[in-house]
Student: 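Can you keep this structure in mind? I'll have questions shortly.
Computed from a predicted model, the values in this text were never measured in an experiment. Labels below follow one simple rule: chain letters A, B, ... track the order of the sequence lines, proteins then strands, and each chain is numbered from 1. No hydrogens, no waters, no symmetry mates; every other heavy atom, side chains included, goes into these values.
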Protein chains: 2
Amino acid sequence: MTDTRPPRADAVRNRRLLLAAAADEFAEHGLDASVADIARRAGVGKGTVFRHFATKDELIAAILIDRINELSAVGERLLDAGDPGEALCEFLTAAAQQRQERDLSFLAEASGSMREVAQARSRMTAALDRLVERAREHGAVRADITGTDVLLLMCAPNYVAGSVPDASPDLWRRYLAIIFDGLRPEGAHALPAEPPRFA
Amino acid sequence: MTDTRPPRADAVRNRRLLLAAAADEFAEHGLDASVADIARRAGVGKGTVFRHFATKDELIAAILIDRINELSAVGERLLDAGDPGEALCEFLTAAAQQRQERDLSFLAEASGSMREVAQARSRMTAALDRLVERAREHGAVRADITGTDVLLLMCAPNYVAGSVPDASPDLWRRYLAIIFDGLRPEGAHALPAEPPRFA
DNA sequence: TAGCAAGTTGACCGCACGGTCCGGTTAGTG
DNA sequence: CACTAACCGGACCGTGCGGTCAACTTGCTA
């Protein structure tokens with residue numbers, strides 16, 4: 001009965017423009033980029049924003065889901081890669097690279113609890129879990145770390161490098177390397193706390 | 001000529017109350033805890049807040065400076081400790097512990113560029129630099145990391161553990177241990193980017 | 001204990017935000 | 001080409017914020 005006609009051409013165009021403009025605006029001004037500025041940047045009225053996304057949080061969620069899905073695709077592709085240790089490292093590099101060109105990590109704090117975001121995230125963590133498992137079996141990472149550990153540590157290099165003004169755009173690689181060395185079996189010391197169940 | 005009389009007793013009491021209430025309120029509600037709520041929590045009128053701190057940012061800076069100075073004291077005390085590697089690890093633990101009981105890291109983003117905050121911070125980094133230098137000479141950490149590296153990585157364990165809901169209060173210790181293993185000379189791989197000059 | 005400067009208060013201001021709404025516009029259909 | 005449902009725009013609303021101010025209170029000094 002729900003005879004859903006396909007959306008109009010200008011509507012799909014505006015939706016795409018809005019997502020892009022919002023991502024730019026959030027990257028520049030953080031979570032409190034205003035909806036009005038986003039609309040202006042997209043060359044569109046403010047009302048149009050709320051036609052496509054019922055609330056500001058829903059817009060944020062849409063951006064977040066897109067990015068998480070990008071990472072899921074990378075992870076799933078790497079599951080067939082040759083060297084499991086190399087594959088894990090590449091995944092972490094891809095994740096950090098995504099955040100380097102546009103840091104939108106703070107978006108999670110606004111809409112991280114939405115159901116659709118959680119779904120996208122669980123698809124990504126599934127891929128990461130398998131990636132870590134393979135690397136562990138292959139002896140590329142220490143035995144006492146879990147996929148969740150890596151998921152959490154994954155965000156650290158950008159976070160660390162992000163607090164340096166005028167930093168080299170490759171600085172995060174330095175901290176990813178240090179942290180990855182900490183994940184290696186060689187010279188590992190016992191860990192003082194249990195790994196977390198969920199993230 | 002500037003005959004500065006000592007401040008009144010109720011004024012110093014209110015200032016202390018305000019700093020404590022503000023720290024609590026910021027810890028609970030983040031950067032956009034309202035000045036009105038802070039005043040209410042301190043049992044004081046809103047106008048009193050602005051008598052003591054010209055702007056909200058100045059209040060934030062005052063809290064930040066107190067916390068940084070606490071860390072400086074710890075660092076300077078540890079400079080005389082026996083084992084340099086142990087001393088560095090203890091300093092990082094103290095820093096993480098401070099942030100565990102009350103995470104106020106986001107305060108830096110609001111007033112991190114103020115002159116007085118920068119002064120306090122440079123005192124702390126000086127202590128940390130010496131701590132790292134001693135540990136390096138002692139062979140407790142790898143040769144290619146700097147004090148600034150450690151300053152940046154210092155904040156990572158709480159950041160990482162902080163995104164886990166209902167986490168064990170000791171979870172940060174796990175990630176501090178992993179990162180510290182990454183700082184050790186054993187099994188270290190070459191780092192792909194230059195260390196940053198300033199933080 | 002009298003006097004006053006320092007301190008306190010909360011009503012008030014201007015502003016910017018997220019979100020609404022309706023008159024005008026336009027893309028797609030028959 | 002004409003019709004209409006989907007879409008667009010931007011004036012508008014309520015809210016809550018940081019910050020001000022003038023009347024009032026109080027700790028200190030002489």
Student: CG of A:Leu17 versus P of D:dG9: gap in Å, rounded?
Tutor: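 My rounded result for the distance is 11 Å.
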Student: Give the rounded distance in Å between these two atoms: CZ of B:Arg40 and P of D:dG16.
Tutor: 12 Å
Student: Just jot down the salt bridge (charged side-chain N to carboxylate O under 4.0 Å, His left out) partners of B:Arg16, sequence neighbours excluded, or say none.
Tutor: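 Salt bridge (charged side-chain N to carboxylate O under 4.0 Å, His left out) list for B:Arg16, sorted by chain: empty.
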Student: How close or far is atom C1' of C:dT8 from atom CZ of B:Arg13, stated in whole angstroms?
Tutor: 11 Å
Student: Among residues at least two apart in sequence or on other chains, which ones pass side-chain hydrogen bond (donor to acceptor under 3.5 Å, both in side chains) with B:Glu76?
Tutor: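 Once residues adjacent in sequence are excluded, the partners of B:Glu76 under the side-chain hydrogen bond (donor to acceptor under 3.5 Å, both in side chains) criterion are B:Arg123.
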Student: So, using side-chain hydrogen bond (donor to acceptor under 3.5 Å, both in side chains) as the criterion, who are the partners of B:Asn69 when residues are at least two apart?
Tutor: none
Student: What does the B/S/- profile of nucleotides 9-19 of chain C look like, 5' to 3', with a 4.0 Å heavy-atom cutoff to protein?
Tutor: BB-B----SBB
Student: Under the salt bridge (Lys or Arg N to Asp or Glu O under 4.0 Å) rule, what pairs show up with a residue in residues 172-186 of chain A, not counting sequence neighbours?
Tutor: A:Asp170-A:Arg173, A:Arg174-B:Asp149, A:Asp181-A:Arg184, A:Asp181-B:Arg142
Student: For residues 27-38 of chain A, dump all side-chain donor-acceptor pairs below 3.5 Å to protein atoms at least two apart in sequence or in another chain.
Tutor:
from    : atom 1 : to      : atom 2 : distance (Å)
A:Glu28 : OE2    : A:Arg41 : NH1    : 3.4
A:Glu28 : OE2    : A:Arg41 : NH2    : 3.0
A:His29 : ND1    : A:Glu25 : OE2    : 3.2
A:Ser34 : OG     : A:Asp37 : N      : 3.1
A:Ser34 : OG     : A:Asp37 : OD2    : 3.4
A:Asp37 : OD1    : A:Arg40 : NH1    : 2.9

Student: Return a table of donor-acceptor pairs under 3.5 angstrom between the side chains of residues 61-68 of chain B and protein atoms on other chains or two or more places apart.
Tutor:
from    : atom 1 : to       : atom 2 : distance (Å)
B:Arg67 : NH1    : B:Arg102 : O      : 3.2
B:Arg67 : NH2    : B:Gln98  : O      : 3.3
B:Arg67 : NH2    : B:Arg102 : O      : 3.1

Student: Would you find more than 12 non-hydrogen atoms of other residues, nucleotides or ligands less than 6.0 Å from B:Glu194 atom CD?
Tutor: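 Atom CD in B:Glu194 is not packed in, count stays at 12 or less.
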Student: Please list all pairs passing the ring pair (Phe, Tyr, Trp, His ring centres under 6.0 Å) test where one or both residues lie in residues 124-159 of chain B, with sequence neighbours left out.
Tutor: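 Passing the test, one end in residues 124-159 of chain B: A:Tyr159-B:Tyr159.
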Student: Using whole Å, report how far NE2 of A:His52 lies from P of D:dG9.
Tutor: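 To the nearest whole Å, that distance equals 9 Å.
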Student: Could you run down the sub-3.5 Å N/O contacts of the protein with nucleotides 24-26 of chain D?
Tutor:
from   : atom 1 : to     : atom 2 : distance (Å)
D:dT26 : O2     : B:Arg8 : NH1    : 3.1

